[in-house]
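Below: one structure, written as structure tokens.
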Amino acid sequence: MMIRKLHVAALALLLGSTPALAQDKILNVSYDIGRELFEALNPEFQTYWKDKTGRDVTIDQSHAGSSKQARAILEGLPADVVTFNQETDVDVLAQNGLVAENWREALPNGASPYYSLPAFLVRKGNPKGIKDWSDLARDDVQAVFPNPKTSGNGRYTYLAAYAYALTQAGGTPEKAQEFVGKIFANVPVFDTGGRAATQTFAERNIGDVLITFEAETKAIAKQYEAQGFEAVTPATSLFAAFPVAVVSENAEKNGTTEVSTEYLTWLYSPEAQETLAKNHFRTTDEAVTAKYAAEFPKVKLLTVDEVFGGWDKVTAEHLAEGGILDTVFVNR
């Protein structure tokens, strides 16, 4: 009897001292409008991880404006991974030692397993006839998008409008600033993130057009089907990478480096890519891209590198305090 009790006690001690063998847990800190996407992806990864390792994994999510999330991590939010919509927000973490400096080289396609582009969502029947960026500068059009100072979503809208103006006949930086200033002047309210901007447009019935990522326009149209919103993809837009990275300092501290790395690597798998395409994101897997090609309009995609000279120049010239973005806000 005594021996049996000792065996039970020893087994209980062993099980209690090795919880990681049965359970993993990570925190994915993500952009504001990524909730539904990761609600679809996470259960699939949990099944994959269980089949591969025999271990369960809990994936906690945190969502807010991309830049706001980066600041929260710098202030102590214990992210194991980030899945952002803005490369500069990962760069900030790298500059502060939380993410590897060469994070873009850690995974394919510059560590962006999927991508999108700024596009439009208009009201039923498109009463204002909004088709391209030039329509957003009209006096009779109210545009809704989040504040580019706090939202990667809004930042891409700003850069896409600026890039469009630069690529038009006679386009100059001065004319581009004037063009974007007209759009900004027509924005009734600058929300801090994409989800709040969606609510302003769809639930508060403010504005004629919502500018957000193409994937989100289709998701919102489905969510608010009764209102008859219509997604419009402009002929020209800006390539929007969705960068991912392991927050190595936290992951090493939490003992989650293995599962965190696998989680991000898995996003490139055919299974995950299929889910991304079903959620209206443009994918990097060639077979999945071909399968869903008919659902994605052809568009001329400009890049930050070719139009602006890269993200470092964007940060220094546009996003820094007193930069071009601040000038546009002041002069609108």
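Only heavy atoms go into these numbers, but all of them, side chains included; no hydrogens, no water, no symmetry mates.
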Show every donor-acceptor pair shorter than 3.5 Å between a side-chain atom in residues 85-96 and any protein atom, with sequence neighbours excluded, or say none if there are none.
unit_1	atom_1	unit_2	atom_2	d
Glu87	OE1	Arg104	NE	3.0
Glu87	OE1	Arg104	NH2	3.2
Glu87	OE2	Trp311	NE1	3.1
Thr88	OG1	Arg155	NH1	3.3
Asp89	OD1	Ser67	OG	3.0
Asp89	OD2	Ser66	OG	2.7
Asp89	OD2	Ser67	N	3.2
Asp89	OD2	Ser67	OG	3.2
Asp91	OD1	Trp103	NE1	3.1
Asp91	OD1	Arg104	NH1	3.0
Asp91	OD1	Arg104	NH2	3.4
Asp91	OD2	Arg104	NH2	2.9
Asn96	ND2	Val92	O	2.8

What do you reckon, are the aromatic ring centroids of Phe281 and Phe296 less than 6.0 Å apart? no

Would the Phe145 and Tyr158 ring centres measure less than 6.0 Å apart?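 Not under 6.0 Å, so no.
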
Would you tabulate the side-chain donor-acceptor contacts of residues 202-211 under 3.5 Å, counting partners in other chains and residues two or more places apart, or write 'none'?
unit_1	atom_1	unit_2	atom_2	d
Glu203	OE2	Tyr224	OH	2.6
Arg204	NH1	Thr200	OG1	3.4
Asn205	OD1	Arg123	NH1	3.1
Asp208	OD1	Lys128	NZ	3.2
Asp208	OD2	Lys128	NZ	3.2
Asp208	OD2	Gln142	N	2.7

Pair [X], [Y]: side-chain N/O donor-acceptor within cut-off below 3.5 Å:
X      : Y     : value
Thr275 : Glu44 : yes
Ser62  : Gln69 : yes
Tyr263 : Asn42 : yes
Ser260 : Asp80 : no

Using a strict 4.0 Å threshold on nitrogen-to-oxygen distance, state whether Glu36 and Arg195 make a salt bridge. yes

If the threshold is 4.0 Å, N to carboxylate O, is there a salt bridge linking Glu262 and Lys52? yes

For Phe229 versus Ala221, what's the shortest heavy-atom pair and its separation?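 Looks like O-CB, 3.8 Å.
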
Should the ring pair Phe45 and Tyr48 be called parallel, tilted or perpendicular, given that the plane angle runs from 0 to 90° and is split at 30 and 60? tilted

Do Lys25 and Thr256 touch side chain to side chain, with heavy atoms closer than 4.5 Å? no

Tell me whether the count of non-hydrogen atoms from other residues, nucleotides or ligands lying under 6.0 Å of CG in Asp312 goes above 12. no

Asn102 atom CG, neighbour heavy-atom count above 12 within 6.0 Å: yes

Atom pairs and distances, side-chain donor-acceptor, residues 235-250, under 3.5 Å, sequence neighbours left out:
unit_1	atom_1	unit_2	atom_2	d
Ser237	OG	Pro118	O	2.7
Ser248	OG	Leu98	O	3.3
Asn250	ND2	Ala79	O	2.9

